[in-house]
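Here the structure comes first, spelled out in structure tokens, and everything after it is commentary.
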Amino acid sequence: VNRSKRRDSESRVTTPLNLAFVGFGLVARRFLELLIVHRQRLAAEHALGWRMLGVATARHGAALFPSDTEPRQVVAAAETGTLSHLLATGQGSPPETTLEFLRLIHGVDNLVVVENTPLGLDGGQPGVDHVRTALAGGADVITANKSPAAFAYRELRDLAVTNRCRFLFEGAVLDGLPVFSLLRHTLPALRVRGFRGIVNTTTNHVLSAMEHGDTIDDAVTAMQTAGVAEADPSKDIDGWDAAAKTAVLANALMDAEITPHDVDREGLSSVTVDDVQASRRNGKRIKIVASAKRDGHKVVAAARPVELDGNDPLAGLTGTAKGLELDTDLLGRIHISKPSSGVDHTAYALLADLVEVNRRRIEQS
Ligand SMILES: NC(=O)c1ccc[n+]([C@@H]2O[C@H](COP(=O)([O-])OP(=O)(O)OC[C@H]3O[C@@H](n4cnc5c(N)ncnc54)[C@H](OP(=O)(O)O)[C@@H]3O)[C@@H](O)[C@H]2O)c1
């Protein structure tokens, strides 16, 4: 019964998407697991089918896979540290660099590049070059990496339009909480005048722990042990992650054309446990707030510690909660938030982006 159900749902899929993974760390693997687990649901409800075309990494090599490659085998190889061996068995001579990998697949039908390399603060590299090269080759791009939209949003958006491709990055800022698709599909014709948000999990978690007397170092160590914080959490603690997310939001929602370096950035190093606890005693809360507003023709953006009133909706977002207040011209203030977030939700955002890519391809075919 299951096999015939699977055949029925797959028969709705006319042209499977060819997925090329650039970066195959935590996020990419969770996304692939979601695709594997929900293969039938995606086929039946969205006529979405897919196959793995290849993978490019930094230290494990890159390869195009034979068509019978089993995706579970790729996830398992990454989990067991044998990805290099698997990639070595790919088709043809292996590409030496990621850009070579991307050029090799230029023009492949129904190509979707899934870009998930780390945040780069030097011009947004390598992510910007990956997305630029993929779009130039006619691929749709989905990514949870902040770098491309933080450093080159306008250029990449325009390149995607010119080449009739999609450049989607829903997971880059608020994990699975939809903000870009919300404005794109549900709130037409309004303008975002500004925003305020809680966008960085590590610092928000650390501040919640500091309210209970933990030092920054204790809180970070506990989060690393729990697998929530990176081995090197400095991009979070110094405010770079929040600044990059602020730039993405300002660029995509307000057409700001800024980079993280234009964001007025301050991390947690100036905040003490005494500050946090005194604020709490006064019914307030210190948070790293990402914000932007228009100032004449410019957009002024910040990501820094702010003392919020206790009844401010952002003050209630503790631990791994995330949320955003949008100030719009036609609908006033809108709040979106979720009480928890994590890598599974980021993986879901990529899944939602892939469904959108597939829908557009079906409409255009
Ligand atoms: N983790 C989260 O919860 C989360 C949430 C939202 C957004 N994000 C964003 O999502 C992206 C991926 O995060 P992650 O946690 O999956 O990172 P990760 O586990 O560190 O994986 C990064 C991957 O990128 C690869 N890579 C680095 N440079 C490369 C290059 N030049 N060409 C090809 N591959 C390259 C690495 O290859 P090697 O394996 O060979 O080193 C690795 O496979 C980041 O931009 C992150 O900021 C993460």
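Each ligand, and each atom within it, is numbered from 1 in the order the structure gives.
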Inset, instruction - I would like to know whether Arg29 and Glu79 meet salt bridge (charged side-chain N to carboxylate O under 4.0 Å, His left out); could you show each step before the answer? - result: CA-CA 9 Å; Arg29 295 201 301 265; Glu79 302 288 351; 3.3 Å; yes

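Protein heavy atoms come within 4.0 Å of atom 47 (O) of ligand 1.
Residue Asp175 touches ligand 1 through its side chain alone, judged by heavy-atom distances below 4.0 Å. Under 4.0 angstrom from ligand 1, the non-hydrogen atoms of Val27 come from both its backbone and its side chain.
Below 4.0 Å from some heavy atom of His130 lie the following atoms of ligand 1, by number and element: 30 (C), 31 (N), 32 (N). Distances below 4.0 Å separate heavy atoms of Ala56 from the following atoms of ligand 1: 33 (C), 34 (N). In the vicinity of Leu119, heavy-atom distances shorter than 4.0 Å reach the ligand 1 atoms 45 (O). Short contacts between ligand 1 and Pro126, defined as distances under 4.0 Å to a heavy atom of the residue, involve ligand atoms 31 (N). For ligand 1, the atoms lying closer than 4.0 Å to a non-hydrogen atom of Phe24 are 23 (C), 42 (C), 43 (O). Residue Lys146 has at least one heavy-atom neighbour below 4.0 Å for each of these atoms of ligand 1: 47 (O). Applying the 4.0 Å criterion to heavy atoms of Leu26 picks out, from ligand 1, the atoms 15 (O), 16 (O), 19 (O). For ligand 1, the atoms lying closer than 4.0 Å to a non-hydrogen atom of His60 are 38 (P), 39 (O), 40 (O).
Taking atom 9 (C) of ligand 1 as the reference point, the nearest protein heavy-atom neighbour is Ala144 O, 3.3 Å. Atom 20 (O) of ligand 1 has as its closest protein heavy atom Pro118 CG, 4.7 Å. Of the protein's non-hydrogen atoms, the one nearest atom 21 (O) of ligand 1 is Gly25 CA, 3.3 Å. For atom 5 (C) of ligand 1, the nearest protein heavy atom (residue, atom name, distance) is Thr346 OG1, 3.2 Å. Distance from atom 40 (O) of ligand 1 to its nearest protein heavy atom, with residue and atom name: Arg59 N, 2.6 Å. Of all protein heavy atoms, the one closest to atom 37 (O) of ligand 1 is Ala58 N, 3.0 Å.
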Show me, pair by pair, the donor-acceptor contacts under 3.5 angstrom made by side chains of residues 88-97, not counting sequence neighbours?
unit_1, atom_1, unit_2, atom_2, d
Thr89, OG1, Leu86, O, 2.5
Thr97, OG1, Glu100, N, 3.0

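For Arg29, the closest heavy-atom approach to ligand 1 does not fall below 4.0 Å. Ligand 1 has at least one atom lying under 4.0 Å from a heavy atom of Gly171.
Side chains of Asn145 and Ser147: a donor on one and an acceptor on the other come within 3.5 Å. Looking only at atom types and distance, the side chain of Lys287 has a donor-acceptor partner in the side chain of Asn204 under 3.5 Å away. Using modelled atom types, one finds a donor on one side chain and an acceptor on the other under 3.5 Å when comparing Asp232 with Ser234.
Ion pairing between a basic and an acidic side chain is recognised when a charged N comes within 4.0 Å of a carboxylate O; Lys293 and Asp327 show no such pairing. We find that Glu356 and Arg184 are joined by a salt bridge, their nearest charged nitrogen and carboxylate oxygen being less than 4.0 Å apart. Ionic pairing of Arg280 and Asp275 is not present here: no N-O contact between side-chain nitrogen and carboxylate oxygen is shorter than 4.0 angstrom. Ion pairing of Asp329 with Arg191 is absent here, as no side-chain N (NZ or NE/NH1/NH2) approaches a carboxylate O to less than 4.0 Å.
Phe195 meets the ring-ring contact (aromatic ring centres under 6.0 Å, His included) test with no other residue; sequence neighbours excluded.
Cluster annotation: Val271 is not connected to Val289 through the hydrophobic network of ILVMFWY side chains, with a link wherever side-chain heavy atoms come within less than 4.5 Å.
The residue from Thr97, Leu99, Asn116 that puts a heavy atom closest to atom 22 (C) of ligand 1 is Asn116. For atom 44 (C) of ligand 1, the choice among Thr117, Thr143, Asn145 with the nearest heavy atom turns out to be Thr117. For atom 33 (C) of ligand 1, the nearest non-hydrogen atom from the set Val173, Thr98, Leu102 belongs to Thr98.
Taking CG of Leu17 as the start and CG of Leu19 as the end, the distance is 6.0 Å to the nearest 0.5 Å.
Using bins of under 30°, 30° to 60° and over 60° for the plane-to-plane angle, the ring pair Phe167/Phe169 lands in the tilted bin.
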